[in-house]
Structure formats: C-alpha cells, structure tokens
Amino acid sequence: MKTENVHIFNLNGEDEFVQIQNKLKSKIDLCNIDESKIRICAGVDIAYWEDAGETFGACSIVVLDYNTTEVLEKVFSSGKIEVPYVAGFLAFRELPLIIEAAEKLSLEPDVFLFDGNGYLHYNHMGIATHSSFFLNKPTIGIAKSYLKINRVEFKMPANEVGAYTDIVIDGEIYGRALRTQKNVKPIFLSCGNYIDLESSYRIAMNLINNKSKLPIPVRLADLETHILRERFKEETAAQ
DNA sequence: GCGACAG
DNA sequence: ATCTTGTCGC
C-alpha cells in the first residue's frame, strides 16, 4: 500500500519535533465514520533489542478480516533505531519502520490499531494520530499504560467488560480508560485520526476475545514482533 | 538532586 | 520497551 510522503525525518531535536506536531495537529479530523464499511483492520507494533551497544527494532503489521478475525496478511520491517525514546515523541522513533512495513502491504486496511496513544497525548499527536498522516486511513490508539497529562488522573472504570470512563483534560475528552477484561487493568483508548471516539470504542470492543486485554490485531502484532526479534537477533549477531 | 516517564 | 521466577488469585 502506498503511503503519503510527510517529511519528518532528519530533524534536529525536540524543537523541530514539536513544530511538526503542531503543523499536523491542526489537520486532525475526528470525523464520524461508517462502521458498516469496515472490512479489514490491522494491528501495528514494534519490539526492540540491543546489539553491540546499538538498538534495533522489528515492526509487524497484522491484517485481519474485521468480521471473522481471520489473518489475511502479515508484513514486517526491521533495522537500526536512530531516535531515542522520549515520552511524547514516540512517533519519531517508530514511524520509519512502520512506514517501511506499510509499504509492503498488498491489502489496504480500513482501520489501523496502534500500540500507543493517539489523541490522548500532550499535543494530541500520539503515534496513532501521527501515523494517520502517512497511511491516510482511520487510526485508533491503544495504550497499555496511562500517560498522565496536566496532572489529570483517570477514573477507574467499573469491573465489567466494556465499562469505561472518559479522560477529560481541561474540559476536553482526550480518550477513554476501557475495561476489556474483568479483573484486568484497563487499556487506554483514544482516537488516532479520521474517526470518532464512539466508533473507536465499538471497533476495539468488537476485536476483543478472552485471550488478551488488547484488541486482537494489536495482540497478534505484539506476538509477531517477538518472533521476529528472535529471528533477527541471531542474524545480526552472526555477522 | 528527585520524580516522571505511551513504547 | 526489555531484563526475568515464582507466585498470588480466580
């Protein structure tokens, strides 16, 4: 699948990162979507490892039939990670591998689910939102831990599958603490882009089974990156 | 110096 | 994210 050429690479420092975020932020469109038109969905994740003092990563995108959750396609990419992890700038670290993998897709997913936040971000520009500008598709953010913004804590949702509490910061809904399994900590859902929160919620819940608290596409991508890491670890170490 | 900190 | 064994709870 073809990705949009949004320049974000070869940037110098966090000041330029913020400039890019501000520029893209103004183009965010949390529009309503027609869920009945969703046929295929995708999960995106990255795993890391160290070798000779350098950091490497493997990205996996797993494409599923939205209705049957049958796996339709898997693509990956791997390589040296050049950008350090800094909370708030995850996209600049992970996007190169994500784009490389997305370019290998023969299918065009109707929606992408990311391991990380979207609109629930200091600058509304978490990885799910930022990625949408390359993919030109609706995206959803699924984080496993809470990113606190302006010292606002989230309210723990009821202990029932599907229960949630909205995360409101300065009067604006940023995302949702969502219970996808009973007796399991909630996940943190937010719009990526080109989609509304209610649709994001329904899509995420439609992709939950009793195997994981994560939506199936994200969970499968997570598992896949671990397999890829074992494979590439040996290949890079052998050289 | 200390705490915060998506992945 | 990753390093890692046992162990508490349903």
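These values consider heavy atoms only, across backbone and side chains, with no hydrogens, waters or symmetry-generated copies. In the text below, chain A, chain B and the rest are named by the order of the sequence lines, each starting its count at 1. Quick caveat, the model's predicted, so the values are computed rather than measured.
- We find the NZ-CG distance between A/K74 and A/L220 to be 8.5 Å, quoted to the nearest 0.5 Å.
- A side-chain contact (heavy atoms from CB on, under 4.5 Å) with A/P217 is found for one member of A/D45, A/V63, A/D222, A/L207 and no other, namely A/L207.
- A salt bridge between A/E82 and A/K80 is present, with a side-chain N of the basic residue lying under 4.0 Å from a carboxylate O of the acidic one.
- One interatomic measurement links the two molecules: CG of A/D222 to C1' of C/dT2, which rounds to 12 Å at whole-angstrom precision.
- Distance NE2/A/H226 to OG/A/S60: 11.0 Å, rounded to 0.5 Å.
- Ion pairing between a basic and an acidic side chain is recognised when a charged N comes within 4.0 Å of a carboxylate O; A/R39 and A/D110 show no such pairing.
- Rounded to a whole Å, the CZ atom of A/F232 is 19 Å from the P atom of C/dA1.
- Judged by closest nucleotide on DNA chain C, A/A47 is the one of A/A47 and A/N183 placed further toward the 5' end.
- To the nearest whole angstrom, the two C1' atoms, one in C/dT2 and one in B/dC5, are 15 Å apart.
- A ring-centre distance under 6.0 Å is found for A/Y164 and A/Y201.
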Report all interatomic pairs (protein N or O, nucleotide N or O of nucleotides 4-7 of chain B) with separations under 3.5 Å.
{"from": "B/dA6", "atom 1": "OP2", "to": "A/Y85", "atom 2": "OH", "distance (Å)": "2.9"}
{"from": "B/dA6", "atom 1": "O4'", "to": "A/N117", "atom 2": "ND2", "distance (Å)": "3.3"}
{"from": "B/dA6", "atom 1": "O3'", "to": "A/S145", "atom 2": "OG", "distance (Å)": "3.4"}
{"from": "B/dA6", "atom 1": "N7", "to": "A/G88", "atom 2": "N", "distance (Å)": "3.0"}
{"from": "B/dA6", "atom 1": "N6", "to": "A/G88", "atom 2": "O", "distance (Å)": "3.3"}
{"from": "B/dA6", "atom 1": "N6", "to": "A/F89", "atom 2": "N", "distance (Å)": "3.3"}
{"from": "B/dA6", "atom 1": "N6", "to": "A/L90", "atom 2": "N", "distance (Å)": "3.0"}
{"from": "B/dA6", "atom 1": "N6", "to": "A/H121", "atom 2": "NE2", "distance (Å)": "3.4"}
{"from": "B/dA6", "atom 1": "N1", "to": "A/I127", "atom 2": "N", "distance (Å)": "3.1"}
{"from": "B/dA6", "atom 1": "N3", "to": "A/N117", "atom 2": "N", "distance (Å)": "3.1"}
{"from": "B/dG7", "atom 1": "OP1", "to": "A/K144", "atom 2": "N", "distance (Å)": "2.6"}
{"from": "B/dG7", "atom 1": "OP2", "to": "A/S145", "atom 2": "OG", "distance (Å)": "2.6"}

